[in-house]
Amino acid sequence: MSKRYLITSALPYANGALHLGHLAGAYLPADIYVRYLRLLGKDVVWVCGSDEHGAAITIRAKKEGVSPQAIIDKYHALNKNTFAALGISFDYYHRTSTPLHHQTSQDFFTTLYNQGDQFDERVIEQYYDEEYDQFLADRYIVGTCPKCGHEEAYGDQCENCGSALSPLELINPRSTISGNSPVLRETKHWYFRLDKHEAWLREWIAEGTIAGVPHHQAEQWKKHVVGQCLSWLDGGLQPRSITRDLDWGIPVPLPEAKGKVLYVWFDAPIGYISATKQWAQEKGLNWEDYWKGGDDVELIHFIGKDNIVFHCIVFPAMLRAHGDFVLPRNVPANQFLNFEGQKFSKSRGWGIEQHQYLEEFSDFPNKEDALRYALVRNLPENRDSDFRWDDFVDFYDKELADNLGNFVNRVLVLTQKYYDGVLPEVQVDLSEELLSVRRLVEEWQLEIERFSFKNAIQLVMEISSFGNTYLQDKSPWAIWKTDPDSEEVKECMFVSVQVVALLAVLLEPFLPFTAPRIREVLGLAPVAPGELSATLDKVAAGEPLLATGHRLGEPTVLFPKINDRKDSSRLEIIDRQRLKLQEIMEAEQPITAHEPVKEEIQYDDFAKLDLRTGTIVAAERVPKADKLLKLSVDLGFETRTIVSGIAEHYTPESLAGKQVVIVANLAPRKLRGIESQGMILLAENGEGKLDFVSWTAGFGNGLVVK
RNA sequence: GGCGCGGUAGCUCAGCUGGUUAGAGCGCAUGAUUCAUAAUCAUGAGGUCGGCGGUUCAAGCCCGCCUCGCGCUACCA
């Protein structure tokens with residue numbers, strides 16, 4: 001029996017939009033993996049959906065004066081549509097507010113409850129709002145933080161100092177519903193006996209075995225995942241409360257639990273199950289084949305690192321407590337993506353949300369794949385990484401346009417020119433010509449199966465690079481000039497076209513918008529499920545992907561460059577983003593205006609510097625450089641040529657006669673082919689403006705500054 | 001405070017179980033080339049692998065201490 005793959009991505013919480021960090025964390029990697037599996041013709045289902053319960057949603061609804069239902073409807077639709085627009089190809093995007101999910105969660109609870117030993121009942125004291133006659137969830141209580149004195153700390157956390165709190169710790173607690181001081185009252189809650197699962201969980205995570213029976217290869221899990229889990233287990237597992245006094249959520253299915261709902265963290269992962277049920281129902285399949293198929297099922301959870309403990313400890317414990325369910329074979333959690341060096345922050349406006357990207361880049365060609373590529377190239381697979389617009393531009397221009405796009409284009413153009421787009425007949429041993437490509441493809445497959453998508457996409461680019469190098473080595477254009485019937489040229493073009501055809505398949509998981517366009521210019525239909533298997537076989541056997549006589553389509557530009565001399569429109573889109581960030585930074589400047597003073601040095605360190613007075617006698621722009629000016633500085637005893645990166649701040653004409661201070665003993669350095677013999681001193685303020693360190697005219701050139 | 005993960009070329013990052021001269025891309029320098037989206041190709045410069053100490057015939061990879069970043073988690077109740 002062949003394996004079935006059950007893939008999940010963390011359910012987005014339906015009270016807000018998702019930013020690029022979320023996309024890079026749990027959705028894009030999963031999409032790549034799932035598309036890869038489908039290309040291999042595997043039996044795979046990928047589920048996700050909106051997580052729509054919890055106090056945060058009711059509070060937000062109250063604040064905005066709308067119903068919780070309105071909130072979740074809005075964000076469910078937004079997130080679902082945005083994912084779809086970015087090519088995130090879930091098999092099912094469900095939601096936890098559906099009756100099916102409620103029923104599934106209640107059944108799950110009841111099963112555990114009926115076992116008798118999975119839950120504890122505890123009566124605890126909790127704050128109660130007497131005016132509104134209800135218990136207050138942690139988030140409904142504010143008060144003064146005992147650690148930092150912040151007066152608006154929530155019952156679960158102080159947003160000022162970040163410390164985790166319990167409502168009982170707050171000084172002067174008040175209800176956010178009535179504003180009154182709440183009173184303590186007894187209430188009953190149910191606790192999941194996580195502690196009873198500690199032993200097998202440790203073995204499962206550390207060894208990858210369950211009661212000695214192999215389940216997965218523990219060393220294939222990411223280090224930070226295993227590390228954090230073992231750290232948690234070492235701290236000892238405690239029974240965990242799974243119910244809340246709240247009116248928004250899934251009612252606890254017990255007669256004595258009126259007014260109580262399942263804690264959102266309990267029902268959310270069950271959402272994976274209900275989503276699969278719904279999908280299977282609509283497909284006429286049996287959901288249990290995927291969740292209860294034992295060793296035939298590969299369950300993979302894609303999440304961000306904030307969710308590790310939940311998906312590696314709590315949810316597996318729930319699944320095993322329930323019985324029959326499979327456990328995740330791997331949880332390839334990603335770390336966090338930062339944005340231009342800082343964390344995404346909605347309140348600061350720092351970062352960009354997925355839907356916002358699509359809107360603001362609406363005029364950017366191939367914007368979906370441009371974003372996907374920038375993110376894959378920089379996935380936080382093993383540590384936090386950083387999204388920068390500079391990288392976005394570089395990846396797009398240097399790799400997508402110059403390497404990949406240009407390769408495809410030159411192959412197509414040459415083949416059209418020489419053979420009217422029809423593949424010539426050749427005698428060529430592809431397994432020999434494409435030996436290195438074959439190795440790269442094998443490596444590519446291994447990397448994907450190790451969840452190393454960053455490596456995998458770079459291997460694809462190496463194949464494209466191989467193509468460029470191959471073309472350059474053969475230089476068919478040189479041969480063709482004298483011998484248009486050359487066998488060598490035919491072979492070269494035939495082989496090159498095979499590489500393009502291969503790229504179109506390998507790229508599909510990463511660039512699902514571009515891959516079909518390449519197929520189109522090759523005269524092929526979009527790639528079909530399972531086609532990768534056949535492709536890999538052909539590559540291994542040295543058989544062509546496109547045969548002699550195949551007719552290619554007309555070449556088109558896949559990626560028009562951002563830095564394009566004739567068309568600045570794409571650069572303008574990027575520049576608007578840069579400007580936005582600059583404005584945020586400037587608005588915040590006054591608070592963090594000064595740079596920290598550097599490490600202490602000794603007098604001798606200072607004495608090494610030879611600073612001299614000088615006068616700029618001539619200045620001119622450096623050709624082909626936006627920022628550089630070539631300056632001639634009179635030091636009295638000699639005139640130095642100094643290249644300085646100030647062209648964006650000063651015109652050459654304004655500089656002649658300017659008194660400056662230079663570093664006279666700095667090692668010379670060539671910039672844009674001109675040797676710069678020193679460095680001009682300037683100060684830079686918080687807004688990036690510059691000013692010269694100067695001296696009074698007439699005092700003298702070449703004098704030592706100390 | 002404890003624990004986990006990370007700190008590798010100017011920048012962004014690879015380096016699987018310790019093994020000869022530490023890798024890639026970008027940037028920079030030099031040269032070649034012109035089919036192509038001013039694209040491509042070759043060559044080169046550049047690293048005390050966060051710091052100190054230790055184990056080993058041999059350490060970026062192992063151990064200890066320190067330091068910085070990210071995260072988890074406590075305590076002083």
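We name chains A, B, ... by the order of the sequence lines, and we start the count at 1 in each one. All values below come from the heavy atoms of this structure, side chains included, with hydrogens, waters and symmetry mates left out.
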Checklist outcome for this item: From the candidates A42(B), C35(B), G71(B), the one with an atom nearest any side-chain atom of K481(A) is C35(B)
Item to check | D397(A) (side chain) donor-acceptor with K561(A) (main chain) under 3.5 angstrom | outcome: no
Next on the checklist: Suppose you measure atom P in G46(B) against the same atom in C5(B); what distance do you get, rounded to whole Å?
Outcome noted: 36 Å
Checklist entry - Contact class for E462(A) (heavy atom, under 4.0 Å): base, sugar-phosphate, or nothing? => result nothing
Next on the checklist: Mind checking if K222(A) touches a base, just sugar-phosphate, or nothing, with heavy atoms under 4.0 Å?
Outcome noted: nothing
Item to check | Residue Q472(A), side-chain atoms from C-beta onward, closest of U37(B), U33(B), U73(B) | outcome: U33(B)
Item to check | Pairwise C1' distance for A24(B) and G4(B), with rounding to whole Å | outcome: 29 Å
Next on the checklist: Need one value for V413(A): base, sugar-phosphate or nothing, where a base atom within 4.0 Å counts as base even if backbone is also close, heavy atoms only.
Outcome noted: sugar-phosphate
Checklist entry - Side chain of R377(A): nearest nucleotide among G25(B), G27(B), A38(B)? => result G25(B)
Checklist entry - Counting side-chain heavy atoms from C-beta on, which of U37(B), A39(B), G27(B) comes nearest to A401(A)? => result U37(B)
Next on the checklist: Categorize N468(A) for me: base, sugar-phosphate, or nothing, with a 4.0 angstrom heavy-atom threshold over every strand shown.
Outcome noted: sugar-phosphate
Checklist entry - Contact class for E219(A) (heavy atom, under 4.0 Å): base, sugar-phosphate, or nothing? => result nothing
Checklist entry - Once you round it to whole Å, what is the distance between C1' of A24(B) and NZ of K454(A)? => result 12 Å
Checklist entry - When all nucleic acid strands are considered with a 4.0 Å heavy-atom cut-off, which category describes W480(A): base, sugar-phosphate, or nothing? => result nothing
Next on the checklist: Would you call the rings of F315(A) and H301(A) parallel, tilted or perpendicular, taking 30° and 60° as the class edges?
Outcome noted: tilted
Checklist outcome for this item: Comparing R383(A) with K305(A), nearest RNA chain B nucleotide closer to 5' gives the residue R383(A)
Item to check | U43(B) versus G50(B) - spacing of their P atoms, nearest Å | outcome: 29 Å
Checklist entry - Counting side-chain heavy atoms from CB outward, which of C35(B), C26(B), C70(B) is closest to D384(A)? => result C70(B)
Checklist entry - Across the strands shown, which category fits K223(A) at heavy-atom distances under 4.0 angstrom: base, sugar-phosphate, nothing? => result sugar-phosphate
Next on the checklist: Base, sugar-phosphate or nothing for F395(A)? Non-hydrogen atoms, less than 4.0 Å.
Outcome noted: nothing
Next on the checklist: For the aromatic rings, using the six-membered ring if either is Trp, is the centroid distance between Y373(A) and Y396(A) under 6.0 Å?
Outcome noted: no
Checklist entry - Base, sugar-phosphate, or nothing for K566(A), non-hydrogen atoms under 4.0 angstrom? => result sugar-phosphate
Item to check | Candidate nucleotides U37(B), C13(B), C35(B), ranked by approach to the side chain of V557(A) - the nearest | outcome: U37(B)
Item to check | Flag if over 12 foreign heavy atoms under 6.0 Å of CZ, R439(A) | outcome: no
Checklist entry - With a non-hydrogen cut-off below 4.0 angstrom, is D306(A) in contact with a base, only sugar-phosphate, or nothing? => result nothing
Item to check | Ring center gap for H19(A) and F339(A) short of 6.0 angstrom | outcome: no
Checklist entry - Could you give the CZ-to-C1' distance, from R517(A) to U37(B), as a whole number of Å? => result 13 Å
Item to check | Pairwise P distance for G7(B) and C62(B), with rounding to whole Å | outcome: 11 Å
Checklist entry - With a 4.0 Å cut-off on heavy atoms, is L558(A) in touch with a base, just the backbone sugar-phosphate, or nothing at all? => result base
Next on the checklist: If you take the centroid of each ring, where Trp contributes its six-membered ring, are F192(A) and H197(A) closer together than 6.0 Å?
Outcome noted: yes
Checklist outcome for this item: Of the candidates U34(B), U37(B), C5(B), the side chain of H224(A) sits closest to C5(B)
Item to check | Touch class at under 4.0 angstrom, heavy-atom based, for S385(A) against every strand present | outcome: sugar-phosphate
Checklist entry - Can you tell me if D369(A) uses its side chain to pair, donor with acceptor, with the backbone of T514(A) under 3.5 Å? => result yes
Next on the checklist: If you go through the side-chain atoms of N409(A), does one of them form a donor-acceptor pair with the base of A36(B) closer than 3.5 Å?
Outcome noted: no
Next on the checklist: Show me, range against range, the stems involving RNA chain B, built from at least 3 consecutive Watson-Crick or G-U pairs below 3.5 Å.
Outcome noted: B:1-7 with B:67-73, B:10-13 with B:23-26, B:28-32 with B:40-44, B:50-54 with B:62-66
Item to check | Of the listed nucleotides C26(B), C3(B), G71(B), the one nearest the side chain of S231(A) | outcome: C3(B)
Next on the checklist: Quick check on the 6.0 Å ring-centre criterion: do W389(A) and F361(A) meet it?
Outcome noted: yes
